[in-house]
Structure formats: C-alpha cells, structure tokens
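Report on the following structure.
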Amino acid sequence: MDSPHSDTTGSVLSSPSVSSSGVFSQKRADIHNNETTTRHVKRPSAVTFRDPESCDMVQGESNSNYSETQSMHAAEQSIERNGKKGSCYRCLEGNQFTEKEICIVCNAKYCCKCVLRAMGSMPEGRKCVTCIGKKINESRRASLGKCSRLLKQLLNELEVKQAMSSEKTCKANQLPPQLVLINGEPLNQYKLHVLQTCQNPPKKLKPGRYWYDKVSGFWGKEGDGPCLIITAQLNVGGRIKAKASNGNAKVLVNDREITRKELWMLQFAGVNCEGKPSFWLSADGSYQEEGQKNEKGPIWKKTRIKLFCALLSLPVPPNVANPAGEDVSQRTLEQQVLLKLLLVGYQKSGTSTIYKQAKILYNVPFSEDERQNIKLKIQCNLYGYLAILLEGRERFEEEVLLENRKLQFADGPGSSGGASQIDGKTKYSLSPRLKAFSEWLVQVMVSGNLEVIFPAATREYAPFIQKLWNDAAFQATYNRRHELQMLPRIATYFLERAVEISRTDYEPSDMDILYAEGTQSSNGLSSMEFSFPTRERESFIDGYQHDPLARYQLIRLHPSSLGASCKWVGMFEDINMVLFCVSLTDYDEFWLDSNGVLINKMVASKQLFETIVSHPTLEQKDFLLILNKADLLLEKMEEVPLTRCEWFHDFNPVISHHNNNLTASVAQRAFHYIAVKFKRLFDSLTHSKLYVCMVTGLEPDSVDEAFRYAREILKWDHNENSFINNEFSTTTVTEASTTS
C-alpha cells in the first residue's frame with residue numbers, strides 16, 4: 001500500500017480507458033501539461049482514477065510514473081532528512097515560503113501542482129488518498145471546514161463548498177466521544193450528540209477533560225475557572241466535584257468551590273458570601289442559600305453585572321432575557337421538560353422518511369451542510385440507479401444476441417438474415433463512447449466505490465448522463481425497468497429527472513429530500529427539537545404558529561448503531577417513548593443479518609422488537625408501534641400472500657363470495673392481524689399495553705397524526721382521563737383498541 005506521501009495519482013477509481021472516445025485520455029494529458037507550470041492556476045480539479053480492484057494504471061499512463069509510485073515509500077523516510085526544508089512531500093520542490101496544502105491526518109504538505117493528485121476528489125476533505133478513512137490529527141480539528149487560499153485558486157466555488165462540507169461531516173473526521181471527559185466520565189456517541197446539538201453548545205469542542213455544572217450551565221476545563229455558560233440540565237457527564245475548577249474562595253455554588261473571580265462577581269451582585277456559605281444557582285441567575293427557602297435574583301438581569309463579568313473575563317448566559325418576556329419561575333412543567341421520542345426500526349423500515357417528513361412538517365429547516373450532503377447522496381444514488389439499468393441493458397442485449405444466434409443456427413448459414421446479425425447490433429446496443437462509460441460505471445458500482453467519485457463526478461460525467469438518457473438503447477432498457485429487481489421503486493422519481501439532478505447547480509427540493517434513500521447521519525444518529533403547530537379545523541394550513549407550551553426531541557437511531565444485543569440502547573435512559581417502525585411490506589423480503597445469514601425482514605423486525613422491548617433501560621417506557629407503508633400493503637398482497645412469512649402462517653381472512661379479488665378491507669384486516677401479533681408479543685414480554693398506528697411515511701397528514709397520537713399518550717401518563725373530551729384522542733384510542 002502506498003504511503004501517505006506517495007504519488008497517489010488521483011482517487012480510488014478508474015476512468016474508462018477507451019481510445020475511441022479520447023475524452024478520458026485527453027483529461028490525463030491536460031493534467032500532465034498543467035504539471036509543467038510552476039505558477040498557481042485557477043482551474044477545476046482534474047482527477048485521474050485507478051482501477052477500483054487493482055493497483056494497475058489505466059491506459060495512457062507512463063511507466064515512469066508507476067515506478068515513481070513504487071519507490072515513494074522508501075523516499076518518504078528521507079524527505080525530512082535530505083529534502084529541502086519546507087519542500088513539497090511529493091515533488092520535493094519549493095521551500096518554506098511556498099504555499100502548500102496540509103493533510104489533516106498525516107500533516108503531509110503538497111504544493112499547488114501536487115495537491116489535487118495527492119488528495120483526489122477529497123471525499124473526506126483534505127486528506128491524502130491513502131489517509132481516507134483514518135482519524136484526523138486532533139491538532140488540525142480547529143481548521144476543519146476552513147478553506148485555504150490555495151484551494152480557492154485550484155477549485156471552483158461549488159467544489160470548495162462540497163469538499164469543506166465533507167471534511168466537517170464525514171464519519172471519520174468526527175470527534176471521538178471517548179476522548180471527551182465531563183466531570184471525570186467519558187462520553188458516548190449519543191451524549192456527545194446531545195452536547196453538540198443543544199441550544200447553546202460548547203464552542204470548538206476538543207478532546208480533553210471538562211467540568212460541567214448541570215444546574216447553572218457553567219462550563220470549563222478541568223482545573224480552570226468557567227469559560228462558558230452552555231445549556232443547563234443536559235444528561236452528560238458524572239457528578240461535579242468540589243475542586244473541579246480548582247477554586248479557593250471557600251464558597252460552594254452547586255457543590256463546586258468557586259474561584260476568586262466568581263466570588264468577586266457574587267459580592268458585586270450583592271450576595272452575602274460571609275461564613276463559607278453554599279448556594280444553589282439556577283440557569284436564569286436566581287439563587288438561594290442552601291437550607292433557605294427564599295429565592296433571590298436573578299443576577300443576570302443587572303447590566304452592571306454583565307459589564308463586571310466582562311472585566312473579569314467571566315462568562316454570561318448567551319440569552320439572558322426570556323424571549324417570551326415572562327418570569328421563568330412561572331413556566332409550566334410542560335414548558336420546562338423536553339419530552340424525548342426515540343425512533344427506531346429494522347433496515348429499510350422507513351424511519352429515515354418519517355424523520356425527514358417530521359422536519360418538513362414541523363418547520364425544522366435542513367442546514368446548508370445537510371442539504372449539501374443530501375444533494376451528493378441523491379446524485380450518488382442516481383448513478384447507482386443508472387448502473388443497475390446499464391447492467392440490465394447488458395443482460396437484455398445478451399438475451400437478444402443469444403436468440404439471434406439460435407435463429408441463425410436454425411435458418412442455416414446461408415440465410416438472408418445472417419449478415420444483419422454478424423455485427424452483433426441490437427436495439428440495446430450502445431455507441432462505443434457510451435459503452436465505455438457504461439462498463440466503467442457498472443464496474444465502479446460492483447466494486448462498492450460509487451460514493452468516492454463525488455463531488456468530482458457531477459462535473460466530469462454530467463454530459464454523459466444527458467447523452468445516455470437520450471440514447472434509444474438506454475430508453476429501451478428503461479421501459480423494462482420493472483424487470484430489474486435490484487432497482488428500487490423510488491428510482492423512477494429520480495430517473496425521470498436524471499439530466500437535471502446530474503448537473504452541478506442542482507439543488508434538492510423538500511420532496512427530493514423526502515424521497516432520497518440513505519441520507520441518515522454519518523454516525524447513524526439524528527435528532528431534532530420541535531413543537532406541534534396549532535391546528536385549525538383539523539386541517540393543515542401553511543404559515544401556522546408553533547405551540548409554545550410543549551417541546552419535543554425526536555431522536556432517530558439507525559439499527560446498525562445499536563451494537564450487539566442492542567447494548568447502546570442504554571444511552572437512552574431518559575427518553576419518554578419509543579416509536580418502533582415496521583414496514584408492512586417486509587413479510588416476503590429477505591436481508592442478510594449481521595452474521596451473514598439470510599432472514600425474513602418481518603421476522604428480523606420481530607426479533608429486534610423483542611430485544612429492544614426486553615432491554616432493562618426501556619422498562620416501563622411507553623411503546624408506539626408504527627406500521628409503515630400502509631399504502632403499499634394491498635398492492636403487495638395482490639402479488640404475494642401474507643402467509644409467505646412463517647410468522648403469519650395462520651392469517652386466513654374471510655373473502656366475500658361475490659368478489660374473490662382482494663379489497664381494501666382485506667388489507668385493513670391484514671393490518672389489524674399484524675398489529676395483534678405485535679401486541680400479544682409485547683404483552684407476553686412486558687404485561688403492558690402496546691399502542692399501534694398505521695402510517696404512510698410519504699403523506700404528511702399520516703405522519704402528523706402519528707406524532708400527535710404519541711403526544712396524547714404522553715399526556716395520559718399525567719392524567720388518564722384527559723382524553724375523554726378530546727375528539728382526536730377518542731378516535732385514536734378506538735383505532736388502537738380494535739387491534740387488541
């Protein structure tokens with residue numbers, strides 16, 4: 001394997017090497033020509049690809065370059081000893097004053113001529129190709145996402161934006177949670193996510209030891225005074241120690257001995273600190289002496305206190321005033337508590353669609369980084385769909401050629417049709433240029449390297465997509481797309497707009513985001529906070545105002561992030577409800593489990609459900625079973641009976657003698673049957689009631705009803721009779737009770 005400083009001529013993939021087109025060899029020639037100049041050239045990144053399954057160079061690359069690559073491993077050790085100080089790690093030219101780009105993993109430095117060849121298409125930001133997938137050097141963390149002047153000269157604005165976005169969001173570059181210790185306790189992935197996504201997170205968080213006062217929100221490095229005030233009441237870290245900030249004022253605030261500067265601030269605020277007292281200080285600045293009932297303050301309302309804190313370099317809350325203009329002590333319990341919902345389900349059960357639908361539904365905007373990542377994923381998926389179609393085209397072409405050969409053999413060698421079949425042309429045959437692109441794309445898909453070609457692919461290959469879409473052979477294949485089992489149903493939505501989506505200036509709409517596959521967070525964990533909008537006449541009205549009386553956090557956890565035996569479920573001890581999602585159409589589908597064994601997906605969902613329900617962390621928690629993809633159940637049952645799943649072997653609905661065809665009522669019976677199976681299973685494990693609702697994830701009304709039902713269930717925990725006069729609650733309970 002090449003070293004981090006070796007001649008990495010491009011990315012991990014191989015461009016199609018076809019002399020008939022000339023376009024790919026021309027790009028390679030352009031790269032070599034550009035390397036002969038020493039000045040900074042503002043040009044798009046030219047990326048030369050290797051074969052995805054070998055180290056062989058593609059046609060047209062000189063043997064001298066290959067020899068240079070093989071010898072660079074030995075040369076890298078001598079760069080620091082024999083090379084000029086500050087020279088490029090690849091060409092060994094330049095000096096300490098030459099502008100260079102630095103690898104965020106190995107700190108290798110590359111000049112303007114070598115950086116694009118050494119770092120390729122930058123799928124994880126500024127890393128050598130051989131450093132992709134490795135953890136970054138923590139000393140470089142502060143520079144993540146901050147583009148250098150050199151890159152701005154070499155790449156266009158969109159490419160810079162995509163590279164920097166990938167650098168900040170890719171999984172390999174994320175902060176390792178175990179390296180962050182709060183009050184002596186290391187974080188896990190979920191608690192790190194809670195800390196980084198709270199309303200006022202710590203800025204520029206790095207590996208290290210920190211102390212955190214959960215009551216007041218004060219935050220600082222272990223052994224130092226407070227440097228920030230972050231969101232209070234976060235369930236992260238252990239119990240704070242008295243000497244966490246190395247204080248010596250002999251005054252305790254929330255069980256921590258404060259520093260001299262904090263003591264001066266309290267005295268300036270008029271707090272009596274004589275006699276080694278202990279105080280409780282809340283996030284809004286109100287305080288009271290331990291053992292006393294009279295609450296005073298809040299101290300943060302005084303402008304002179306904020307000025308005094310600025311003089312002493314002490315932090316103040318980022319939002320001192322209450323936006324609603326009300327007294328914090330008068331808030332209701334529902335306002336103060338953040339109700340947490342955990343959304344989980346088996347692979348492809350629809351949790352991602354429901355999560356994205358909730359963001360759109362409750363006006364939680366996607367960040368710019370999220371939209372860019374989703375855009376790249378949509379474009380990557382598009383190339384995957386095209387590769388499946390092109391692989392199908394090869395199969396259709398071989399079938400026609402085989403049939404032609406059979407007919408030619410039957411007619412004899414002297415038949416009139418023999419000449420037309422010698423050239424091997426069929427209606428599925430592509431031109432040589434498109435065939436080269438087709439073979440390359442299929443090879444990339446099979447090797448599993450499809451995601452690596454982005455964002456470079458959107459610039460390099462967009463013209464081929466348009467030519468491919470207009471080609472008669474491709475359209476003939478597209479008309480038979482329903483015969484390709486590997487092509488997902490949703491592919492048609494994107495393929496119909498393939499030319500538009502393949503362009504560099506494409507921006508995904510909310511509907512595109514909703515339909516996109518595989519857009520979950522890099523660490524498999526996503527969360528958002530929302531409140532329910534007010535509803536008028538039980539209908540959706542644009543521009544409605546959010547209900548300020550309740551706040552909810554929806555946490556979506558990918559099943560791959562649960563770990564063996566769902567051990568990471570223990571991170572969610574503070575959630576209020578589990579939303580378990582099951583796809584109704586999974587009963588005849590199969591999936592390879594973690595052990596490589598083929599298993600029915602409905603049975604796999606049942607097993608995951610049993611594991612999560614039985615987890616001691618979720619004991620006594622409410623469970624809402626979401627039976628998703630209800631709109632597809634009838635269509636599936638018309639093709640495959642529900643009894644195909646061994647768990648549903650006793651399903652035997654009564655069908656009318658007047659109409660032997662499946663009706664919507666039969667699909668409804670199937671829904672109730674599946675709901676009862678899960679309810680009985682839940683009762684056998686917990687002796688509790690399982691709530692059930694039927695959902696179509698792509699329909700906003702359906703998803704909204706499910707989340708409002710979850711809200712009602714949480715209210716019943718506080719007041720079991722609160723739903724009697726509520727029309728929504730009554731109809732939902734009736735529906736749920738019919739499945740018991």
Side-chain angles (χ1 to χ4, degrees), residues 1-15 28 31-32 35 45-58 61-81 83 87-94 100-141 143-144 148 150-151 154-155 159 162-164 166-174 176 443-444 447-457 522:
M1 187 176 187
D2 294 340
S3 70
H5 317 307
S6 61
D7 180 6
T8 52
T9 314
S11 188
V12 189
L13 307 177
S14 171
S15 261
R28 182 167 293 105
I31 294 174
H32 288 297
E35 286 191 342
S45 60
V47 182
T48 310
F49 298 115
R50 291 181 185 273
D51 186 272
E53 297 181 351
S54 72
C55 295
D56 298 335
M57 291 298 205
V58 292
E61 190 154 3
S62 66
N63 292 330
S64 61
N65 273 349
Y66 181 72
S67 301
E68 179 188 355
T69 304
Q70 296 296 315
S71 63
M72 280 303 291
H73 180 71
E76 75 167 287
Q77 301 297 333
S78 61
I79 290 175
E80 295 184 1
R81 296 193 300 270
S87 60
C88 173
Y89 276 48
R90 181 176 177 273
C91 65
L92 305 183
E93 296 179 359
K100 290 180 281 291
E101 194 61 69
I102 303 176
C103 173
I104 58 178
V105 174
C106 64
N107 288 333
K109 301 176 182 179
Y110 300 103
C111 65
C112 64
K113 296 185 294 182
C114 301
V115 60
L116 295 179
R117 297 177 67 84
M119 297 185 178
S121 59
M122 303 186 193
E124 295 182 359
R126 291 163 291 185
K127 292 183 180 181
C128 309
V129 171
T130 50
C131 289
I132 292 175
K134 297 180 181 179
K135 297 293 184 182
I136 69 168
N137 187 327
E138 288 300 331
S139 64
R140 310 291 310 170
R141 184 165 297 281
S143 65
L144 290 185
S148 65
L150 178 59
L151 276 190
L154 297 175
L155 305 177
E159 290 171 328
Q162 291 175 336
M164 293 302 98
S166 299
E167 187 171 276
K168 289 191 298 183
T169 59
C170 75
K171 184 176 182 179
N173 295 353
Q174 301 307 305
Q443 182 187 22
V444 170
S447 65
N449 290 317
L450 192 59
E451 293 188 1
V452 183
I453 68 176
F454 290 90
S522 58

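Pairing each heavy atom of N107 with each of I102, the nearest pair is CA-CG2, 3.7 Å. The heavy-atom pair separating C128 from A108 by the smallest distance is SG-CB, 4.1 Å. When all heavy atoms of G120 and V129 are compared, the pair lying nearest together is N-CG2, 4.0 Å. Residues L150 and Y110 share a closest heavy-atom pair of CD2-O, 4.1 Å.
For the atom pair C106 SG and I136 CD1, the distance stands at 12.5 Å (nearest 0.5 Å). The NZ atom of K100 sits 7.5 Å away from the OG atom of S87 when rounded to the nearest 0.5 Å. Between the CD atom of Q174 and the CZ atom of R141 there is a distance of 7.5 Å, given to the nearest 0.5 Å.
Considering only heavy atoms from C-beta on, P123 stays 4.5 Å or farther from C170 through its side chain. Contact check for L144 versus I104: side-chain heavy atoms found under the 4.5 Å cut-off.
Remark: the backbone N or O of K134 is paired with a side-chain donor or acceptor of K127 at under 3.5 angstrom. The backbone N or O of E124 lies less than 3.5 Å from a partner atom in the side chain of N173, making a donor-acceptor pair.
Salt bridge E93/K113: present, at least one basic N to carboxylate O contact under 4.0 Å.
Residues satisfying the salt bridge (charged side-chain N to carboxylate O under 4.0 Å, His left out) test with K168, not counting sequence neighbours, are D369. Every residue meeting the side-chain contact (heavy atoms from CB on, under 4.5 Å) condition with L151, not counting sequence neighbours, appears here in chain and number order: E101, M122, R126, C147, S148, L155, M164. For S143, the side-chain hydrogen bond (donor to acceptor under 3.5 Å, both in side chains) criterion is met by no residue, not counting sequence neighbours.
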